[in-house]
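For reference, the structure is listed below as structure tokens.
FYI, side chains are in, hydrogens and waters are out, and symmetry mates aren't considered; it's all heavy atoms of this structure. This is a predicted model, so every value here is computed, not measured.
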Amino acid sequence: MSATFFARHPVDVARALIGARLALAGVGGVIVETEAYHHEDPASHSHGGRTARNAAMFGPVGRAYVYRSYGIHWCLNIVCGSDPGSAVLIRAIEPTDGLELMRQRRGLSDPRQLCSGPGKLCQALAVTREHDGLPIDHAPFAFAPAASSAEIVGGPRIGISKAADLPWRFGLAGSRFLSRPFPK
DNA sequence: ATGACGATGCACT
DNA sequence: GTGCATCGTCATG
């Protein structure tokens, strides 16, 4: 399954991931926000070629690429593409499973603040470097594609300085669990 | 050995 | 909306 699902352009995968279910050790929910990073994209970590950090991006599709951001947060991507070096950043999840554990890990109770950002969702699901390179559809991860096609909105990516004009951020229309609203 | 720089989140104005 | 913590990674000497 994962081969056909993830072996295409990261923009296609980023859109297809909206509405999919993702969990780690039974804690997770529905993906509501993603960003695409292509191997020829200046904003992609793979742009400068393979290094120790980004090695997972050059491995098989359907695996996790986990990196540390600002020395503080973890961020979770899923490796994809028809050529090595592309991935989709998971930016927000609507929490459905393991809410109590998430609240504990985040120190918050508001469901809308548990997974509404790439660093937040990694804290809520307890994603760390240990998960770098693991298949996204095998334990401890669980993955299920969206049952039906969702209504999707797009816009510019967040927090980058290069290729900031590419509209490669996607979200579930009307969701209250986004990291930020989409511009009109 | 050292320095610059983040695919962020949170506290505060 | 603005400021800043905090440290791994990579390029350079």
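- Residues R50(A) and P84(A) form no side-chain contact, since every pair of their non-hydrogen atoms from C-beta on lies 4.5 Å or further apart.
- A distance of 5.5 Å separates CG in L76(A) from CD1 in I90(A), rounded to the nearest 0.5 Å.
- If you take NE2 of H47(A) and C1' of dC10(C), they are 15 Å apart, rounded to a whole angstrom.
- Side chains of R105(A) and Q123(A): a donor-acceptor N/O pair is absent below 3.5 angstrom, by distance only.
- Where R129(A) and I72(A) each meet DNA chain C at their nearest nucleotide, the meeting point lying more 5' is that of I72(A).
- You can see that DNA chain B meets the heavy atoms of chain A within a 4.0 Å-exclusive cut from dG6(B) to dC10(B), reading 5' to 3'.
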**Message:** Show, in sequence, the C-alpha distance, side-chain angles and deciding distance for Y65(A) and Y67(A), and conclude whether the ring-ring contact (aromatic ring centres under 6.0 Å, His included) test is met.
**Reply:** CA-CA 7 Å; Y65(A) 163 49; Y67(A) 70 92; 5.6 Å; yes
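- Between P183(A) and P156(A), some side-chain heavy-atom pair lies under the 4.5 Å cut-off.
- In this structure, H73(A) atom NE2 and dT6(C) atom P are separated by 11 Å, rounded to whole Å.
- Using Watson-Crick or G-U wobble geometry with both donor-acceptor distances under 3.5 Å, dA4(B) finds its partner in dT9(C).
- Remark on DNA chain B: of its neighbouring residues I160(A) and R106(A), the 5'-side contact belongs to I160(A), judged by nearest-heavy-atom nucleotide.
- Atom P of nucleotide dT9(C) and atom OH of Y67(A) are separated by 13 Å, given to the nearest angstrom.
- Comparing Q123(A) and K162(A) against DNA chain B, the residue whose closest nucleotide sits nearer the 5' end is K162(A).
- R157(A) comes within 4.0 angstrom of nothing in the nucleic acid, heavy atoms only.
- Comment: R157(A) does not engage E35(A) in a salt bridge, judged by the lack of any side-chain N to carboxylate O separation of less than 4.0 angstrom.
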